[in-house]
K.L.:
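Structure below; questions to follow.
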Amino acid sequence: MLTPTDNDYGTRPEKVPERRGSLWSDPEAEIRNLPGIGHKLAKKVVEDLGDGSAQAAIVMVERNPYNLTDVDGIGFKKADRIAREAYDIGPDDIRRHEAGNRFILEMRGVLNEREFFAERVKLELRDQNLKEHGVELEEGHYWLPEELDAELQLERWMRGLPRGEALQLADLSEDQTAVLDRMGADDQQRLAVRAILANRVLCFTGGAGTGKTFCVAAAMDCGIRQRWSARGMAFAGKAADRMREALDAYGVMAEATTIHKALGFQKKSFTVDVLGEKLYVIDEASMLPNWLLWAVIKRLPEDAHLVLVGDPNQLPPIGYGTPFVDLLKHGAPHVHLEKNYRQQDQQGILHMAEGILNRSRPAPAECVEMHLYVAPANLDSLFDSLIQKHGGPDYEGWQVITYTNEVAERYNLRAQAIVNPGGVALFEYPLWKLGTGERNRPLYHAEVREGDKVIVVKNSTTLGIFNGQTGRVLGLTSKAKIVQRKNSVTGHWEEQIGDVMPHLLVDITGREVAVPEDEVEKFIQLGYVITVHKAQGSDWPRVIVMQPGKVRDDTARKFFYTASTRAKNHLCIVSGLRVVAWWTNAATDAPDVPSTLMKRLAKAKPMFPCLNCGTPVAHLPHDGICWDCVSSMEGGLLVDPADLKDYEPEPGPEFDAAIERNGHARPLLPSEWEDVKHSATPATWRTLRQSAPVAAAEPHQTGEDSERIAAQFRALDVVW
DNA sequence: TATCCCCA
């Protein structure tokens, strides 16, 4: 079955070769002629599977046709059809089961046995002996192995974290105080900076407009003043770009990139093994799925500080897991900014957002327009009048936000008809969500005209544009296309001059960007109306939230909260629901079911006394030494070897190897630890006898200290 | 049962 994303609807190969066997002279044609693959997909197959070589791609496909699922735009079903029709692969081939099992879990996350079998039946995966191929079964649940590993590792890492009471505050040097004075930080923000500098791991939360980014920039600057190196990261390109702008604006000497870039993402994996900086700040952390957060944590140097900045009330990650929310629930060190700077003049929007979170209806306010219980027949005309009132040529000034792409596509056409009716049409793209007609063609197309408001829908490093940025179409120009080619000798990517072709000129945040004609459809769409996911991380003076019906219960509150808080001065809400139904929907959140990670953490684990300070902790990450001790260690461990003879670390090959190298089985000095830390997993070292003797305990922080700090924060309206 | 991210 063809999917709506298969937009190879027009072109067919000009020449149809007669037989596959005679095609070795033209391997690309062979790929193109596979069932369900056309021109465009064939190119991607060659690029993704063969690294540019069609011959190599064919070898990959012949070895295992299900390798095709690695190509963007090819799922299990399309690969399966090719495997069975073109390569005679039987229904119970191991490769088929492996790909099918993985496909199911890639779509659905973690499934129990019954759910998993139901999905297998749908894909006609019948042989029960092959039900675990490519996936892992753990206590009645099926997992992708890498997903299970990420979660187990996160669990281990979280058990080793200080919890709640361990929030610490750094003292600021004169230099640092001067920085904060110059930046104009208030007391709340100063405390946040001190917390960032003092805690190895810190969650940093606050709603839109509470100045999180400001604090982060200030903290990074202060870090740099004490000779730390610092780096900002974000999941999304646009968020990284915003952070970079903020750092530039405050004159902070630190880079900000996507996580993928920082970890050296290539093809399907990360190439950076250990990160080199001292302070890492991840923005929009609520967007991180388990695997990605773990990918960062496992690469952190041991003395690094990690700050996770986010708003747990915003939209959850697309992938599996909600590690940011889990960390907060688990009680990791946490600073919350309460005071809102941005919406101080527009308290109505703030109260609206609070109302959605707290299930309370705020008093009516001038800056919040509610249009509820709108009859379906009147939705369009109401929309039109709102655009006439709040829309206009100042595209930076307003934005319509929806939940689904279908609604976005529909109302983009209406908004365009009002705002830019007479612009010259420059190109068009298919509106797949508005339905498909015969022969799988889209029913509607959108015209992009001169003067239109547009949105970037995909990052391009070549063009320097990011998914989610909005802009204005300036016109057309003709110039040579710049293409990125991999130099076959050096292996580096290089910019080369390609064919001369028309380019679409777009003004994006004040910069003129020329998008080559053949890539416009990939990068540019109408931007009057966008989905909430694309709006995340941006704000506009006037926002219209256009959502005719109910939003699914488990997402509703996050959708309305995120969408409403995008507005700085004026907010319009449009819905067909009655007043009570709307408020019920808007305040409905997913039932508070603990994530699988939280369930793991809730299970009791044996406690072990730290060899250095004696504090019992569930996990001793550093060879019997707790996190706090290791982090405060400069010269070496103060452990008397005589006290250690009764310890019995867990046996195993890694442990044996480590003993052999070191000649003993006691916890290691930091210098020794350097030698074995890469080969001995912490799990190998962690099992210690509970009755073991312990060095004199000296807690790192008394209850009094933490109470004093808590009081300081409370006094400043900061919750932690 | 919808949403969507990442690179050389």
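To find a chain, count down the sequence lines: A is the first, B the second, and so on, and within it residues start at 1.
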K.L.:
Could you list the residues that satisfy side-chain contact (heavy atoms from CB on, under 4.5 Å) with A:Lys131, not counting sequence neighbours?
P.N.:
A:Phe117, A:Arg120, A:Gln128, A:Tyr142
K.L.:
From CD1 of A:Ile482 over to P of B:dA8, roughly how many Å is that when rounded to an integer?
P.N.:
17 Å
K.L.:
Between A:Leu49, A:Asn67, A:Val45, A:Asp48, which is the residue that forms a side-chain contact (heavy atoms from CB on, under 4.5 Å) with A:Ile74?
P.N.:
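It is A:Val45; the other options fail the test.
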K.L.:
Go through the side-chain N and O atoms of A:Gln399 and A:Lys453 and say whether any donor and acceptor fall under 3.5 Å apart.
P.N.:
yes
K.L.:
Give a yes or no on whether a salt bridge exists between A:Asp311 and A:Lys212, defined as a side-chain N under 4.0 angstrom from a carboxylate O.
P.N.:
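No salt bridge links A:Asp311 with A:Lys212.
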K.L.:
Do the rings of A:Trp291 and A:Phe270 sit parallel, tilted or perpendicular, given the 30° and 60° boundaries?
P.N.:
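Ring orientation, 0 to 90° scale: parallel.
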K.L.:
Taking protein heavy atoms under 4.0 Å as touching, what does nucleotides 1-6 of chain B look like 5' to 3' if B marks base contact, S marks sugar-phosphate-only contact and - marks none?
P.N.:
BBBBBB
